[in-house]
Number of protein chains: 2
Amino acid sequence: MTAEPVTAPDQRHAGGRRPGENTTRAEILAAARTCFAERGYDATSVRRIADAAGVDQSLVHHFYKTKENLFLSALEVPVKMPDAIAGAVPGDRAGLGERVVRAHLGLWADLSVSPQMLIMLRSAAINSQAGEVLREFAAESMRAALADVVTGETAGLRVVLISSSLMGLAMARFVLELEPVASASVDEIAAELGPALQTYFDPPDEP
Amino acid sequence: MTAEPVTAPDQRHAGGRRPGENTTRAEILAAARTCFAERGYDATSVRRIADAAGVDQSLVHHFYKTKENLFLSALEVPVKMPDAIAGAVPGDRAGLGERVVRAHLGLWADLSVSPQMLIMLRSAAINSQAGEVLREFAAESMRAALADVVTGETAGLRVVLISSSLMGLAMARFVLELEPVASASVDEIAAELGPALQTYFDPPDEP
DNA sequence: GTCTATAAATAGATAGAC
DNA sequence: GTCTATCTATTTATAGAC
């Protein structure tokens with residue numbers, strides 16, 4: 001009952017070279033992002049990624065050599081992430097907390113970066129490489145983005161506490177899917193978390 | 001509440017055989033806690049736990065049957081966790097934020113509960129059972145402990161945001177070991193995070 | 001209670017045909 | 001570029017001797 005596989009019903013590139021940039025490599029990467037984001041590094045087998053991409057397992061190795069290397073490619077953080085936070089800085093000082101929360105949630109709504117963020121968050125606790133990438137983002141990138149507005153003796157600590165709060169929010173909302181924060185609107189979260197973050201911009205012991 | 005029989009140290013049975021409640025079972029559990037806390041569920045093999053306990057692999061199965069069952073035992077959260085947060089409630093309202101932070105960090109300093117908390121936090125992003133335990137603690141237990149002091153229309157959301165902040169702090173300090181929050185003193189953290197949490201107890205739009 | 005030995009499944013990775 | 005077939009290592013788990 002399976003119809004004859006009709007060997008490649010023509011599509012010859014007579015004479016011409018370059019079968020064109022093949023999309024298989026990109027499809028494998030996309031499938032890997034989905035799988036890693038859903039299950040993390042260990043629980044995702046190369047075979048599963050291959051199935052999700054509709055290709056053979058050995059093709060994954062052909063393109064990315066090792067699983068670890070593929071994971072690093074899947075994890076690659078777009079440059080726009082730190083920029084998005086920095087973009088929340090300009091404006092009135094009283095609204096800083098809210099704008100930072102909205103900028104952060106805006107990244108999670110951006111499908112070109114949110115899979116990588118989910119991979120990072122879901123794997124950081126176990127995988128040392130994901131942990132390093134998250135550390136870099138939560139510390140250095142945040143510090144650079146907020147250097148002008150978080151000042152004072154304890155600025156270093158306060159920047160990381162801002163990162164921690166946003167990390168906790170993301171864990172609750174996107175990883176644990178904890179209610180009611182998982183299905184709350186951006187407005188509702190910004191209205192509550194914004195003022196909390198604001199205390200780091202206006203430290204109570206500032207002269 | 002399965003309440004492990006916690007081998008009473010003494011309780012001799014004169015003449016009888018019974019080499020007494022053997023400590024091997026407890027040693028395996030302790031080794032499992034250490035390993036799971038360090039590496040998470042997937043990366044911890046039964047063999048590694050057995051080695052850490054100084055016993056054979058098959059003994060682990062003999063006592064705990066399956067790896068998953070052992071993990072659940074290792075994860076078992078002491079009842080005192082919610083109580084510790086509730087214990088921070090009495091006192092002047094202005095100091096609530098700080099007291100909650102100190103209560104939370106006090107739990108992490110308690111060696112009878114911190115391994116379980118680390119297991120939970122490190123595995124929750126990947127392991128559904130650990131995730132469920134963490135959800136239960138971050139939502140229900142927190143809500144019960146703070147019901148009297150977090151009030152108003154958005155109380156449900158604000159309780160979970162408090163949980164999220166504490167979760168983010170624990171991730172940064174104990175899992176990622178992110179500086180400077182990893183080596184900051186309890187006083188320093190309480191001084192900065194306390195006022196941020198305080199905004200949830202005194203919502204700006206309260207009548 | 002504690003060990004040896006091993007079953008049974010699955011993992012990542014490679015070789016080579018087409 | 002894509003597939004089939006397979007190697008090797010490691011996993012959880014069990015059976016059975018002592």
Side-chain angles (χ1 to χ4, degrees), chain A residues 2 4-14 16-32 35-36 38-75 123 126-129, chain B residues 4-5 7 13 16-32 35-36 38-75 123 126-129:
Chain A
T2 47
E4 193 77 5
V6 190
T7 43
D10 265 40
Q11 227 266 353
R12 291 288 165 249
H13 36 60
R17 266 284 46 78
R18 311 293 329 229
E21 277 304 316
N22 205 313
T23 64
T24 304
R25 186 188 171 92
E27 282 166 12
I28 290 173
L29 183 61
C35 293
F36 284 137
E38 281 174 354
R39 298 177 182 74
Y41 183 83
D42 286 313
T44 300
S45 69
V46 175
R47 280 175 168 83
R48 182 189 287 275
I49 294 171
D51 285 352
V55 302
D56 189 86
Q57 180 212 195
S58 59
L59 263 193
V60 178
H61 283 106
H62 179 267
F63 282 117
Y64 291 94
K65 206 62 188 171
T66 68
K67 178 185 178 181
E68 186 180 338
N69 184 49
L70 172 57
F71 181 71
L72 284 181
S73 299
L75 189 58
S123 305
I126 296 299
N127 187 284
S128 62
Q129 310 198 313
Chain B
E4 197 74 5
T7 50
H13 36 61
R17 252 302 16 91
R18 309 297 326 243
E21 277 303 317
N22 205 313
T23 64
T24 303
R25 186 187 172 93
E27 281 165 14
I28 290 172
L29 183 61
C35 292
F36 284 138
E38 282 174 354
R39 299 175 180 75
Y41 183 84
D42 287 314
T44 300
S45 69
V46 175
R47 277 176 169 83
R48 182 189 288 275
I49 294 171
D51 285 352
V55 301
D56 188 87
Q57 179 212 197
S58 59
L59 264 193
V60 178
H61 284 107
H62 179 262
F63 283 117
Y64 291 94
K65 206 63 188 169
T66 68
K67 179 185 178 182
E68 185 179 336
N69 184 49
L70 173 57
F71 181 71
L72 284 181
S73 299
L75 189 59
S123 304
I126 296 300
N127 186 283
S128 63
Q129 310 199 314

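Side chains included, hydrogens not; waters and symmetry mates left out as well; all remaining heavy atoms used. Each chain gets a letter, A, B and so on, in the order its sequence line appears, and its residues count up from 1.
If you take CZ of B/Arg47 and P of C/dA5, they are 13 Å apart, rounded to a whole angstrom. Between B/His61 atom NE2 and C/dA5 atom P the separation is 18 Å, expressed in whole Å. Look at NE2 on A/His62: it is 12 Å from C1' on C/dT14, rounded to the nearest Å. In this entry the distance linking CG of A/Asp56 with C1' of C/dG12 reads 14 Å, nearest Å. The CG-P distance, from A/Asn69 to C/dT14, rounds to 12 Å in whole Å. Atom NZ of B/Lys67 is separated from atom P of C/dT10 by 15 Å (rounded to the nearest Å). Look at CD on B/Glu68: it is 15 Å from C1' on D/dT11, rounded to the nearest Å. The separation between A/Arg48 atom CZ and C/dA9 atom C1' is 15 Å, rounded to whole Å.
Using a 4.5 Å heavy-atom cutoff, the side chains of A/Leu29 and A/Tyr64 are in contact.
Of the candidate nucleotides D/dC3, C/dT2, D/dT11, C/dT2 has the atom nearest to the side chain of B/Leu59. Comparing atom distances between the A/Gln57 side chain and each of D/dT12, C/dG12, D/dC3 picks out C/dG12 as nearest.
At the heavy-atom level, A/Tyr64 lies nowhere under 4.0 Å from the strands shown. Among the atoms of the strands shown, base atoms are found under 4.0 Å from some heavy atom of A/Ser58.
Aromatic ring orientation, B/Phe36 versus B/Phe71: perpendicular (interplanar angle above 60°, classes split at 30° and 60°).
For the pair A/Thr24 and D/dT2, the criterion of a side-chain N or O lying under 4.0 Å from OP1 or OP2 is met.
A donor-acceptor contact shorter than 3.5 Å links the side chain of A/Thr66 to the backbone of A/Asn69. The main-chain N or O of A/Val60 is never found under 3.5 Å from a side-chain atom of A/Lys67 such that the two would form a donor-acceptor pair.
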